[in-house]
Amino acid sequence: MSVSCGLECVVCLGCTRWAWKRLTYIGAYDSETWPPATPGEFEPVPRLCRVVLANYDPDLSDPKFAPPGRGYAGVDPRGIVRRATYEDVGNRCPPYLIYVDEAHKEIVLAVRGLNLVRNADYKVLMDNKLGMQMFDGGYVHHGLLKAAQFILERETETLRDLLRRYGPEYKLIFTGHSLGSGIAALMTVLVVNNRKEFDNTPRSRIKCYALAPARCMSLNLAVKYADVINSVVLQDDFLPRTPTPLEYIFGSIFCLPCLLFLICLRDTFKQDKRKFKDPRRLYAPGRMYHIVERKFCRCGRFPPEVKTAIPVEGRFEHVVLSCSTTSDHAIAWIERESQKALELMMESENAMAPPPQQKMERLQSFEDEHKSALQRAKTLDVPHAADLSEEEILEDGSTAPPSDTHSETTTEPKSAGRTSWDALMEKLFTRDEDGKLIVKKDMAKEIVVE
């Protein structure tokens with residue numbers, strides 16, 4: 001009797017401890033050790049949010065869904081080169097637009113998010129199975145990759161003509177929200193690996209800003225492309241934290257709270273090493289920007305702050321059980337809070353006190369931080385993690401994978417910094433008539449002299 005009572009006490013204490021940890025876990029814990037972002041690197045985010053929102057308004061001169069107060073500030077209606085509607089894309093992908101921002105010298109392709117009343121968007125999300133699509137040495141979401149390929153097939157010529165017209169100083173920006181964020185991220189991967197189709201645009205001038213990103217690529221790819229892909233997460237947003245395949249989430253949309261609870265229960269008792277060992281597991285892509293506006297045991301929203309890092313472990317692994325889990329996913333809230341955060345960062349930068357860290361040091365650390373993340377992924381034995389020595393070093397100092405990645409599987413290129421053993425053998429030895437290796441005479445003489 002006493003033994004059974006003791007076991008019951010242990011079970012009750014364990015369940016109570018688990019419930020306490022899960023119910024008191026807040027989104028701010030995910031980035032509490034990350035450094036703050038700078039206004040220069042975060043400046044495009046609220047502006048690109050408004051470009052994505054422009055997909056919802058067919059006529060920007062008479063807007064119906066403009067952000068309150070600011071409207072479409074910074075978005076010139078005359079800069080919209082092409083607008084693809086549901087009639088144009090059919091069931092292949094969400095609507096999108098191409099926008100030329102002459103003030104910031106950017107050519108932007110913006111994809112709108114999931115339409116909850118449109119079955120075609122659910123089909124794109126459900127066109128995937130775990131491990132179904134391998135690409136560039138990792139795994140990606142099959143339906144999102146097909147949508148990204150469809151848009152690029154339609155718009156490659158348009159983007160190439162715009163790059164030629166406006167000159168090499170213009171950047172090529174891909175952005176999207178929710179469903180569109182995954183498509184934008186995979187479009188960026190395709191463009192980076194096929195830059196010849198875009199007049200060899202440097203990798204450093206290709207960027208992606210995934211707003212409320214969907215989990216669309218494996219961990220090795222998420223870290224590998226962290227120098228070109230940036231993901232923006234608002235506080236407790238559920239989608240970047242949902243490790244299940246997306247078709248399970250939206251297939252059970254009417255029982256979402258139950259599903260999120262089961263995900264929390266499963267991932268709490270799943271070791272991180274087991275997660276890393278699964279190469280099929282999908283993650284939010286690239287460098288992460290986390291907008292934090294709520295603290296533990298504090299009611300209401302507070303002045304937002306932005307943290308940034310390239311995490312390998314702890315990449316938004318825990319779903320947060322809060323009343324704002326779904327509201328933080330809205331593009332309108334992301335635009336509003338990112339604009340507030342940017343204004344606060346600008347005020348802090350313009351203050352008389354010197355900044356705690358010089359801007360040149362912070363900008364220089366981007367490349368170092370990316371290298372550290374790649375090395376960390378290699379140390380954790382992440383499957384197919386890219387090594388720095390396996391990357392192609394470009395003239396501008398950036399790294400890039402091999403250009404031919406149309407096939408589902410790719411082979412890693414040989415490093416230019418490593419000596420080829422075959423070349424070394426040919427240099428030191430030669431073969432006689434019997435096929436035996438003998439030391440070359442000139443090399444032997446040098447050895448004797450030394």
Side-chain angles (χ1 to χ4, degrees), residues 109 124 127-153 156 172 174 176 181-198 200-208 210 213-231 245-246 276-288 310 312 315 370-371 373-378 380-394 398-416:
L109 195 158
V124 173
D127 184 14
N128 186 60
K129 292 181 181 178
L130 202 59
M132 180 179 181
Q133 178 69 58
M134 189 173 184
F135 179 80
D136 195 19
Y139 288 89
V140 297
H141 189 285
H142 182 255
L144 297 180
L145 180 63
K146 286 175 59 179
Q149 292 173 334
F150 172 75
I151 295 177
L152 286 180
E153 288 174 359
T156 294
L172 184 58
F174 297 92
S181 66
I183 297 174
L186 295 178
M187 273 197 295
T188 305
V189 174
L190 291 170
V191 171
V192 166
N193 286 282
N194 297 276
R195 290 182 292 112
K196 292 182 180 179
E197 299 292 332
F198 298 87
N200 290 318
T201 301
R203 183 184 177 111
S204 59
R205 304 200 71 83
I206 302 173
K207 296 293 181 182
C208 172
R215 290 190 167 224
C216 59
M217 61 181 65
S218 55
L219 184 57
N220 62 318
L221 297 181
V223 177
K224 182 178 180 179
Y225 292 98
D227 59 325
V228 293
I229 301 178
N230 305 281
S231 293
L246 294 179
F276 296 147
K277 294 297 183 181
D278 188 359
R280 306 168 303 164
R281 187 180 175 89
L282 302 182
Y283 293 82
R287 169 182 288 274
M288 310 301 297
I310 308 176
V312 180
R315 182 180 277 265
H370 189 209
K371 291 179 180 179
L374 289 170
Q375 293 172 354
R376 179 62 176 166
K378 200 75 175 180
L380 292 172
D381 295 329
V382 175
H384 312 297
D387 193 358
L388 287 175
S389 60
E390 299 173 350
E391 298 291 330
E392 177 187 356
I393 306 300
L394 304 178
S398 60
T399 60
S403 59
D404 185 13
T405 55
H406 286 291
S407 60
E408 291 184 356
T409 58
T410 58
T411 56
E412 293 294 336
K414 293 182 179 179
S415 171

**Q** Mind checking whether Ile229 and Met217 have side chains closer than 4.5 Å, heavy atoms only?
**A**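 Of all side-chain heavy-atom pairs linking Met217 with Ile229, at least one is under 4.5 Å.
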
**Q** Could you tell me whether the side chain of Ser181 and the main chain of Ala214 form a donor-acceptor pair under 3.5 Å?
**A**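 Present.
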
**Q** Whether the side chain of Arg203 engages the backbone of Val192 through a donor-acceptor N/O pair (distance < 3.5 Å, no angle test) should be reported.
**A**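 Not at all, since once roles are kept as given, no pair shorter than 3.5 Å links the two residues.
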
**Q** Could you measure the distance from the CE atom of Met132 to the CZ atom of Arg280? Nearest 0.5 Å is fine.
**A**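 The CE atom of Met132 sits 13.5 Å away from the CZ atom of Arg280.
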
**Q** For the side chain of Lys207 and the backbone of Asp227, is there at least one donor-acceptor N/O pair under 3.5 Å apart?
**A**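 Side chain of Lys207 to backbone of Asp227: a pair is present.
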
**Q** Just wondering, do Asn128 and Tyr139 contact through their side chains at under 4.5 Å, heavy atoms?
**A**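 The answer is no, as the side chains (C-beta and beyond) never meet within the 4.5 Å cut-off.
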
**Q** Scan Asp127, Leu186, Leu145 and name whichever one has a side chain to side chain contact (heavy atoms under 4.5 Å, CB included) with Gln133.
**A**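 Option passing the side chain to side chain contact (heavy atoms under 4.5 Å, CB included) with Gln133: Leu145.
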
**Q** Could you check if a side-chain atom of Leu144 sits within less than 4.5 angstrom of a side-chain atom of Met187, using non-hydrogen atoms only?
**A**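 The answer is no; the side chains never approach within 4.5 Å.
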
**Q** Any chance you could measure Tyr225, atom OH, to Thr188, atom OG1, to the nearest 0.5 Å?
**A**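 Those atoms lie 10.5 Å apart.
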
**Q** Grab the two heavy atoms, one from Gly286 and one from Arg315, that are nearest each other, plus how far apart they are.
**A**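 Scanning both residues, the minimum pair turns out to be O-NH1, 2.9 Å.
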
**Q** To the nearest 0.5 Å, what is the distance between CG (Asp136) and CG (Asn193)?
**A**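 If we round to the nearest 0.5 Å, Asp136:CG and Asn193:CG are 4.5 Å apart.
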
**Q** Okay, side chain of Asn230, backbone of Arg287: is any donor-acceptor separation there less than 3.5 Å?
**A**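 Judged by distance alone, no pair lies under 3.5 Å.
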
**Q** Any side-chain heavy atom of Pro213 within less than 4.5 Å of one from Pro285?
**A**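 Yes, their side chains come closer than 4.5 Å.
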
**Q** When rounded to the nearest 0.5 angstrom, what is the spacing between CZ in Phe174 and CD1 in Ile183?
**A**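 Those atoms lie 12.5 Å apart.
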
**Q** Determine the sole option in Leu221, Leu219, Asn220 for which the side chain to side chain contact (heavy atoms under 4.5 Å, CB included) test with Val223 is passed.
**A**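 Passing option: Leu219.
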
**Q** Is the shortest side-chain heavy-atom distance between Ile206 and Arg195 below 4.5 Å?
**A**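 Yes, at least one pair of side-chain atoms sits under 4.5 Å.
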
**Q** Could you check whether any side-chain heavy atom of Pro279 comes within less than 4.5 Å of a side-chain heavy atom of His384, counting everything from C-beta outward?
**A**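 Side chain of Pro279 against side chain of His384, heavy atoms only: contact under 4.5 Å found.
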
**Q** I'd like to know if the side chain of His142 and the backbone of Val124 have a donor-acceptor N/O pair within less than 3.5 Å.
**A**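 No, the answer is negative, given that no donor and acceptor are paired below the 3.5 Å cut-off.
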
